[in-house]
Amino acid sequence: LFFIEGPEYYSSEDVAAALGKALHRDVKVNSIPEAGWKDFLEKGGFSSKAAAYFVNMTRLTLGNKFEAPAAVHGKTALDDYFKKRLEQDN
């Protein structure tokens, strides 16, 4: 299991704020209760097996039931990523 982050740690709220800034609109975090994770992922296109693996990985990560390795830090900040990505799509 690898933790990959940008140059700095960011929360879900930070991601929503950066995306909202890039889109020039309000973006809010919508937390999904654990019981609905698998169904949500499947509705988003994950196979049942892939959704189950993702749910298990998320449970392990959020539960801190292991010694987490140091994060690998990339060079691209969230604001820069969203701005560049949206420019590519237009």
Side-chain angles (χ1 to χ4, degrees):
L1 187 58
F2 294 94
F3 285 85
I4 301 172
E5 298 178 356
E8 299 177 356
Y9 171 81
Y10 51 85
S11 67
S12 300
E13 288 79 13
D14 295 330
V15 175
L19 183 56
K21 181 179 173 183
L23 294 171
H24 305 289
R25 59 188 287 186
D26 191 32
V27 174
K28 295 189 184 300
V29 173
N30 182 15
S31 296
I32 298 167
E34 184 176 342
W37 291 352
K38 188 170 183 285
D39 184 54
F40 179 82
L41 292 168
E42 289 174 353
K43 286 179 181 175
F46 279 66
S47 69
S48 180
K49 191 173 186 177
Y53 285 136
F54 196 88
V55 165
N56 288 333
M57 180 186 67
T58 302
R59 280 189 189 122
L60 178 66
T61 302
L62 294 178
N64 294 317
K65 297 177 183 171
F66 65 99
E67 187 173 328
V72 175
H73 291 275
K75 297 177 183 177
T76 306
L78 281 172
D79 287 336
D80 296 334
Y81 171 78
F82 286 130
K83 181 180 176 186
K84 189 176 210 176
R85 181 68 189 160
L86 290 170
E87 286 172 354
Q88 289 174 348
D89 288 347
N90 290 325

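Here the structure is a predicted model, which is why all the values come from computation and not from measurement.
Note: the hydrophobic cluster containing Leu86 also contains Leu78 (ILVMFWY, side chain heavy atoms under 4.5 Å, direct or indirect links). Hydrophobic clustering of Ile, Leu, Val, Met, Phe, Trp and Tyr side chains at less than 4.5 Å, counting indirect connections, unites Met57 with Phe40. Linking ILVMFWY side-chain heavy atoms closer than 4.5 Å, directly or via other members, places Ile32 and Val55 in a single hydrophobic cluster. Leu41 and Tyr53 fall into different hydrophobic clusters, where Ile, Leu, Val, Met, Phe, Trp and Tyr residues are linked whenever their side-chain heavy atoms come under 4.5 Å apart, directly or through other members. Under a hydrophobic-cluster definition in which Ile, Leu, Val, Met, Phe, Trp and Tyr are linked whenever side-chain heavy atoms come within less than 4.5 Å, directly or via other members, Leu62 and Phe54 are assigned to the same cluster.
Between Asp79 and Ala18, the closest heavy-atom pair is OD1-CB, 3.3 Å. Between Lys83 and Ala22, the shortest heavy-atom contact is N-CB, 4.4 Å. Shown here for Ser12 and Val29, the closest heavy-atom pair between the two residues is O-CG2, 3.4 Å. Annotation for Ser48 and Lys38: closest pair OG-NZ, 2.8 Å, computed over non-hydrogen atoms. Contact between Glu42 and Ala51 at its shortest, heavy atoms only, is CG-CB, 3.8 Å.
Side-chain atoms of Phe82 and Val15, non-hydrogen and from C-beta on, do get closer than 4.5 Å to each other.
Shown here is Glu8, whose CD atom has no more than 12 heavy atoms of other residues, nucleotides or ligands within 6.0 Å.
Note that CG of Asp14 and CG of Leu19 are 12.5 Å apart. Values are rounded to the nearest 0.5 Å.
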